[in-house]
Amino acid sequence: MAIGNDPIVESDEEVKAFDDSKAGVKGLVDSGILKIPNFFIQPPYDHNQKKLDTNLTNLQIPVIDLQGEHQQVVDGIKNASENWGFFQVVNHGVPITVMDEMIKGVRRFNEQDNEVKKEIYSRDLAKRVRFSSNFVLYQSKAANWRDTLTFLMFTPDPLDPVELPAVCRDITVDYTKHVTELGDSLFELLSEAIGLKPDHLKKLEWAQSCVLASNYYPACPQPELTLGAAEHRDPAFLTILLQDNIGGLQVLHQDQWVDVQPIPGAFVINIGDLLQIVSNDKFKSIEHRVLANLVGPRVSIACFLTVCLNMTMKTYGPIKELLSDENGPVYQDFTTKDYIQYFSSQGDGKSGLNNLKL
Ligand code: OGA
Ligand code: NI
């Protein structure tokens with residue numbers, strides 16, 4: 001049983017049966033369970049840790065209007081990236097119809113006949129199209145109350161659309177086009193925010209891989225015992241997240257969990273571990289989590305802009321132009337291969353970023 005500190009192991013029959021069902025958390029809910037299986041129960045010390053009542057604070061992550069005055073936008077992004085690691089953007093140019101249709105497409109995939117979903121259920125990270133529940137199920141302390149559909153859209157070669165599930169194929173192609181364009185604009189603004197020329201980050205060609213991870217968080221009968229996503233940081237450069245109107249995402253800020261309020265038509269942007277490293281700790285990759293909810297399902301689509309895993313010898317490190325005698329590198333240079341090692345050793349989402357510290 002996976003209560004307490006023991007990681008989930010493959011020999012746990014309840015876990016094995018869950019994984020073998022290939023039906024995910026939604027399969028459990030559809031079977032009519034009233035109590036969640038033990039392996040979803042978060043150790044209490046983890047669940048309550050830093051769990052101050054966010055309703056007592058008026059804190060909200062910064063919201064940036066991308067159509068605003070240019071210097072104000074850059075300053076807003078700088079402030080948010082240094083102090084929060086998170087911000088929301090509005091007036092970003094992605095049509096709201098595309099955003100709504102993408103959420104609907106993810107719902108259609110999850111709510112279609114199980115047999116179709118089962119065909120692509122896999123834990124093989126090399127598969128460019130895969131569905132699974134808890135991509136780190138084994139080794140984690142407790143399972144997350146969510147199912148995830150993952151597409152490696154660019155690696156950097158583009159995924160052939162025929163590989164995408166038919167129920168969300170066209171909208172995924174359209175959405176990816178828009179969201180990667182937004183990513184390009186954000187990298188320009190982030191370059192300026194850190195004091196570099198607008199094209200600097202893009203020219204480094206470090207974040208050419210685009211992974212779309214669509215999350216489906218079913219309603220949970222005992223939301224206080226588990227989490228939709230346990231506390232973690234994103235092992236990418238940048239995450240562009242689309243969430244529906246249910247809510248549940250929280251960001252750690254000054255030791256308090258702050259709710260990320262759903263704003264219709266907005267994207268949630270967060271700095272990942274890799275951008276923290278190459279910015280030499282100027283920008284912050286911040287812990288976040290998702291609460292489970294009696295109400296659901298909740299859908300979110302994370303677009304991770306990250307390293308190309310097939311370019312194993314490519315090197316990354318603190319951007320030289322940001323370094324000086326007074327500001328020496330905080331991290332060593334590393335290769336994609338080193339990154340993969342750190343990524344796979346981080347298990348429960350605890351960041352191995354410290355391993356790269358000098
Ligand atoms: C993630 C993540 C948040 C959400 O997928 O890394 O943090 O709201 N998702 O689904
Ligand atoms: Ni995340």
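Numbers here are sequence positions counted from 1.
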Colleague: Go through the side-chain N and O atoms of Tyr316 and Thr336 and say whether any donor and acceptor fall under 3.5 Å apart.
Modeller: yes
Colleague: In terms of side-chain geometry, is the basic nitrogen of Asp19 or Arg123 positioned less than 4.0 Å from the acidic oxygen of its partner?
Modeller: yes
Colleague: Are the side chain of Arg146 and the backbone N or O of Ala229 linked by a donor-acceptor pair below 3.5 Å?
Modeller: no
Colleague: Assess, by modelled atom type and distance only, whether the side chains of Ser122 and Asp124 contain a donor and an acceptor separated by less than 3.5 Å.
Modeller: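 There is no such pair between these side chains.
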Colleague: Going through the distances and angles, do Tyr331 and Asn280 end up as a side-chain contact (heavy atoms from CB on, under 4.5 Å)?
Modeller: CA-CA 7 Å; Tyr331 299 92; Asn280 209 34; 4.3 Å; yes
Colleague: Count the heavy atoms belonging to other residues, nucleotides or ligands that lie under 6.0 Å from NZ of Lys118, then report whether that count exceeds 12.
Modeller: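 Above 12, so yes.
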Colleague: Could you give me the CA-CA distance, side-chain angles and deciding distance for Phe87 and Phe267, then say whether ring pair (Phe, Tyr, Trp, His ring centres under 6.0 Å) is met?
Modeller: CA-CA 8 Å; Phe87 51 96; Phe267 283 101; over 10 Å; no
Colleague: Between Glu14 and Asn38, does any side-chain donor sit less than 3.5 Å from a side-chain acceptor?
Modeller: no
Colleague: For Asn83, give me all partners under side chain to side chain contact (heavy atoms under 4.5 Å, CB included), at least two apart in sequence or on another chain.
Modeller: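 Side chain to side chain contact (heavy atoms under 4.5 Å, CB included) check on Asn83 returns Asn79.
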Colleague: Check the orientation of Phe39 and Phe18. Use parallel for under 30°, tilted for 30 to 60°, and perpendicular for over 60°.
Modeller: tilted
Colleague: Any donor and acceptor pair, going by atom type alone, linking the side chain of Thr226 with main-chain N or O of Gln222 inside 3.5 Å?
Modeller: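 Side chain of Thr226 to backbone of Gln222, a donor-acceptor pair under 3.5 Å: no, none is there.
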Colleague: Could you go step by step and tell me if Asp234 and Ile271 meet the side-chain contact (heavy atoms from CB on, under 4.5 Å) rule?
Modeller: CA-CA 8 Å; Asp234 293 349; Ile271 307 294; over 6 Å; no
Colleague: With a 3.5 Å distance limit and no angle check, can you tell me whether Asp281 reaches the backbone of Ile277 through a side-chain donor-acceptor pair?
Modeller: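 Absent.
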Colleague: Would you find a donor on one side and an acceptor on the other, under 3.5 Å apart, between the side chain of Gln88 and the backbone of Val268?
Modeller: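 No, Gln88 side chain to Val268 backbone: no donor-acceptor pair under 3.5 Å.
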Colleague: Is Asp12 reaching over with its side chain to a backbone N or O of Val15, donor-acceptor style, under 3.5 angstrom?
Modeller: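 Yes: the side chain of Asp12 pairs with the backbone of Val15.
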Colleague: Within the side chain of Arg128, is there an N or O that forms a donor-acceptor pair under 3.5 Å with the backbone of Leu152?
Modeller: yes
Colleague: Indicate, with yes or no, if Trp84 and Val290 share a hydrophobic cluster defined by side-chain heavy-atom contacts under 4.5 Å among Ile, Leu, Val, Met, Phe, Trp and Tyr.
Modeller: yes
Colleague: So does Lys282 get a backbone contact from the side chain of Ser279, meaning a donor-acceptor N/O pair under 3.5 Å?
Modeller: yes
Colleague: Treat each ILVMFWY residue as a node, draw an edge where side-chain heavy atoms are under 4.5 Å apart, and state whether Leu164 and Ile120 are in one component.
Modeller: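 Same cluster.
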Colleague: Could you pull out all residues at least two apart from Glu111 that satisfy side chain to side chain contact (heavy atoms under 4.5 Å, CB included)?
Modeller: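 In terms of side chain to side chain contact (heavy atoms under 4.5 Å, CB included), with neighbours along the sequence ignored, Glu111 is linked to Lys26, Arg107, Tyr216, Pro297.
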Colleague: Just jot down the side chain to side chain donor-acceptor pair (under 3.5 Å) partners of Gln208, sequence neighbours excluded, or say none.
Modeller: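 Result, side chain to side chain donor-acceptor pair (under 3.5 Å) vs Gln208: none returned.
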Colleague: Please answer whether the main-chain N or O of Gln250 pairs with a side-chain N or O of Asp259 as donor and acceptor at a distance below 3.5 Å.
Modeller: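 Flag not set: sc Asp259 to bb Gln250 has no pair under 3.5 Å.
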Colleague: Under the side chain to side chain contact (heavy atoms under 4.5 Å, CB included) test, which residues partner Ala236, sequence neighbours left out?
Modeller: Phe304, Thr306
Colleague: Using only heavy-atom distances, determine whether the side chains of Tyr217 and Asp147 contain a donor-acceptor pair under 3.5 Å.
Modeller: no
Colleague: Would one find more than 12 heavy atoms of other residues, nucleotides or ligands at under 6.0 Å from atom NZ of Lys203?
Modeller: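 No, NZ of Lys203 has 12 or fewer neighbouring heavy atoms, counting only those of other groups under 6.0 Å.
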Colleague: So how far is it from Thr180 OG1 to Leu186 CG, rounded to the nearest 0.5 Å?
Modeller: 11.5 Å
Colleague: Going by the side-chain hydrogen bond (donor to acceptor under 3.5 Å, both in side chains) test, which pairs reach into residues 89-105, not counting sequence neighbours?
Modeller: Asp65-Asn91, Glu101-Lys104
Colleague: Is the NZ atom of Lys314 crowded by more than 12 outside heavy atoms at less than 6.0 Å?
Modeller: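 Check passes, neighbour count above 12.
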Colleague: Which one of Lys78, His200, Lys197, His70 satisfies the side chain to side chain donor-acceptor pair (under 3.5 Å) criterion with Glu192?
Modeller: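 With Glu192 as partner, side chain to side chain donor-acceptor pair (under 3.5 Å) holds for just one option, His70.
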Colleague: Start with the C-alpha gap between Cys168 and Phe151, add the side-chain angles, then the distance that decides, and say whether side-chain contact (heavy atoms from CB on, under 4.5 Å) holds.
Modeller: CA-CA 11 Å; Cys168 56; Phe151 303 142; 4.2 Å; yes
Colleague: Can you run down the salt bridge (charged side-chain N to carboxylate O under 4.0 Å, His left out) pairs that involve residues 320-339, sequence neighbours left out, and say none if there aren't any?
Modeller: Lys320-Asp333
Colleague: According to a 4.5 Å side-chain heavy-atom criterion applied to Ile, Leu, Val, Met, Phe, Trp and Tyr, with indirect links allowed, do Val73 and Leu196 form part of one hydrophobic cluster?
Modeller: yes
Colleague: Would you check if the side chain of Lys202 reaches a backbone N or O of Phe187 as a donor-acceptor pair within less than 3.5 Å?
Modeller: no
Colleague: Could you check whether any side-chain N or O of Glu69 sits under 3.5 Å from a backbone N or O of Gln71, counting only pairs where one atom can act as donor and the other as acceptor?
Modeller: yes
